[in-house]
Amino acid sequence: MSCKSDAAALEVRDLAWGPDRGRPIISEVALAAAAGERIAIVGPNGAGKTTLLRCLYRAYRPDRGRVLVDGEDVWAVPARRVAQKMAVVLQEAPADFPFRVRDIVLLGRIPHRQGLASWSERDRRLAAHALEHLELQGMADRVFASLSGGEKQRVLVARALAQDPRIIVLDEPTNHLDIRHQLEILQLLKALRITIVTTLHDIDLAADFADRVALMAGGRVVAFGPPDQVLTAERISEVFAVRARRDPSRDGSGARFFFSIPARPVQAEAAE
Ligand code: ADP
Ligand code: MG
């Protein structure tokens with residue numbers, strides 16, 4: 001397990017949230033990340049992954065349960081304090097405002113800014129460092145809207161880095177990226193060695209990336225633990241309603257499973 005002294009520990013206890021009371025979308029959610037640990041949340045569309053993340057980064061106030069960052073309830077402290085520790089990379093890219101890459105990355109410094117003061121030397125230095133880290137120096141003056149999907153994603157991660165967070169929460173950071181860029185972004189996140197909670201669609205990428213995986217279905221965490229314990233063929237088959245078969249020739253890297261749609265029972269077809 002990687003561990004860095006300025007990474008934050010995260011704990012989620014018995015969490016529930018719904019748009020109306022009595023109609024929970026997630027419930028009984030519990031998980032924990034030690035400082036520097038990477039957690040991947042996987043599960044089918046509609047399982048409640050994004051909703052859980054929204055509770056983590058203090059967008060949704062839970063109906064039940066708590067989210068603790070370094071033992072501190074995120075709702076017991078001001079939003080700004082949470083933002084100073086936690087950066088968020090969402091699927092929705094900022095609208096096509098004519099912002100330049102450099103300015104978007106500087107926005108990561110907002111939680112640390114004193115009032116309406118202009119950017120400090122430190123703000124500019126951290127933003128420049130983040131640009132460099134994501135190999136975006138050459139694009140600093142480009143307009144965000146003109147970038148490719150992969151480049152945009154890197155800018156959003158750079159903005160999160162400029163925030164100098166103790167924990168990063170990401171929603172499907174590999175969406176719309178080709179496989180090379182998917183691997184690159186995950187490798188880069190891994191190298192940060194801070195606490196990371198991310199949703200991921202790809203089972204193999206999740207297993208390779210995370211120290212622990214939370215498998216969600218129907219608004220609950222059905223399994224949480226080391227990837228190879230959680231991501232069994234049986235569980236995946238059940239949760240995703242597919243036929244998952246382990247690749248017997250796998251030699252420690254590459255895809256773990258073959259997936260197919262199970263043949264429907266003959267009786268069920270006849271009944272339609
Ligand atoms: P996932 O990210 O796993 O695909 P979501 O967390 O986005 O799933 O959504 C889980 C379910 O909750 C979906 O059926 C979605 O339509 C519903 N949902 C999410 N947010 C709201 C909301 N604010 N109001 C009503 N339903 C919601
Ligand atoms: Mg989602």
Side-chain angles (χ1 to χ4, degrees), residues 10-33 38-67 74-75 79 82 86-95 149-150 152-153 156-157 159-160 167-179 181-182 185-186 189 195-210 212-225 227 230-232 235-242 244 257 259 261:
L10 174 80
E11 196 185 337
V12 175
R13 289 190 195 152
D14 189 25
L15 200 74
W17 182 88
D20 324 300
R21 286 208 172 264
R23 193 161 66 88
I25 283 176
I26 56 170
S27 50
E28 292 174 32
V29 171
L31 49 85
R38 291 182 300 275
I39 307 286
I41 302 169
V42 302
N45 295 335
K49 304 180 296 294
T50 295
T51 303
L52 168 57
L53 294 189
R54 286 183 180 145
C55 291
L56 298 188
Y57 61 78
R58 206 186 180 279
Y60 287 171
R61 186 193 279 272
D63 296 326
R64 214 189 131 100
R66 308 212 292 165
V67 175
V74 295
W75 284 99
V82 176
M86 187 188 286
V88 184
V89 178
L90 299 181
Q91 279 171 292
E92 310 88 44
K152 281 183 178 156
Q153 194 63 287
L156 298 180
V157 173
R159 183 182 61 176
I167 173 166
I168 300 189
V169 173
L170 306 98
D171 202 1
E172 308 288 359
T174 56
N175 255 14
H176 310 303
L177 301 186
D178 64 37
I179 187 66
H181 287 97
Q182 291 184 27
I185 206 116
L186 292 179
L189 289 167
T195 313
I196 296 180
V197 180
T198 183
T199 60
L200 285 171
H201 265 303
D202 189 295
I203 303 264
D204 289 298
L205 289 183
D208 288 335
F209 176 75
R212 289 196 268 179
V213 171
L215 178 62
M216 285 191 80
R220 285 160 196 262
V221 173
V222 296
F224 177 60
V230 169
L231 299 170
T232 62
R235 259 201 211 104
I236 293 168
S237 301
E238 195 183 321
V239 163
F240 289 89
V242 293
F257 297 101
F259 301 110
I261 303 276

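Heads up: numbering here begins at 1 and tracks the sequence. The figures that follow rest on heavy atoms only: side chains count, while hydrogens, waters and symmetry mates do not. These numbers were taken from a predicted model, which means no experiment stands behind them. Each ligand, and each atom within it, is numbered from 1 in the order the structure gives.
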>> Could you check whether any side-chain N or O of Asp202 sits under 3.5 Å from a backbone N or O of Leu205, counting only pairs where one atom can act as donor and the other as acceptor?
In response: yes

> Any donor and acceptor pair, going by atom type alone, linking the side chain of Ser237 with main-chain N or O of Ala244 inside 3.5 Å?
Replying inline: yes

> For the atom pair CZ (Arg64) and CG (Asp14), what is the distance rounded to the nearest 0.5 Å?
Replying inline: 4.0 Å

>> Applying the side-chain contact (heavy atoms from CB on, under 4.5 Å) criterion to Thr195, which one of Ile167, Val169, Ile39 satisfies it?
In response: Ile167

> Pick one: which of Ile236, Val230, Val221, Ile203 meets side-chain contact (heavy atoms from CB on, under 4.5 Å) with Leu215?
Replying inline: Val230

> Between the main-chain N or O of Ala33 and the side-chain N or O of Arg212, is there a donor-acceptor pair closer than 3.5 Å?
Replying inline: no

> Should His201 and Thr174 count as side-chain neighbours, where that means a heavy-atom distance under 4.5 Å?
Replying inline: no

> Between Arg38 and Phe209, which heavy-atom pair has the shortest distance, and what is it?
Replying inline: NE-O, 2.7 Å

> Excluding waters, which protein N, O or S atoms are within less than 2.8 Å of the Mg ion (ligand 2)?
Replying inline: Thr50 OG1

>> Would Arg58 and Trp75 count as a cation-pi pair here, with the cationic atom under 6.0 angstrom from the ring centre and within 45° of the axis?
In response: yes

> What residues sit with at least one heavy atom under 4.0 Å from ligand 1?
Replying inline: Trp17, Pro19, Ile25, Pro44, Asn45, Gly46, Ala47, Gly48, Lys49, Thr50, Thr51, Tyr60

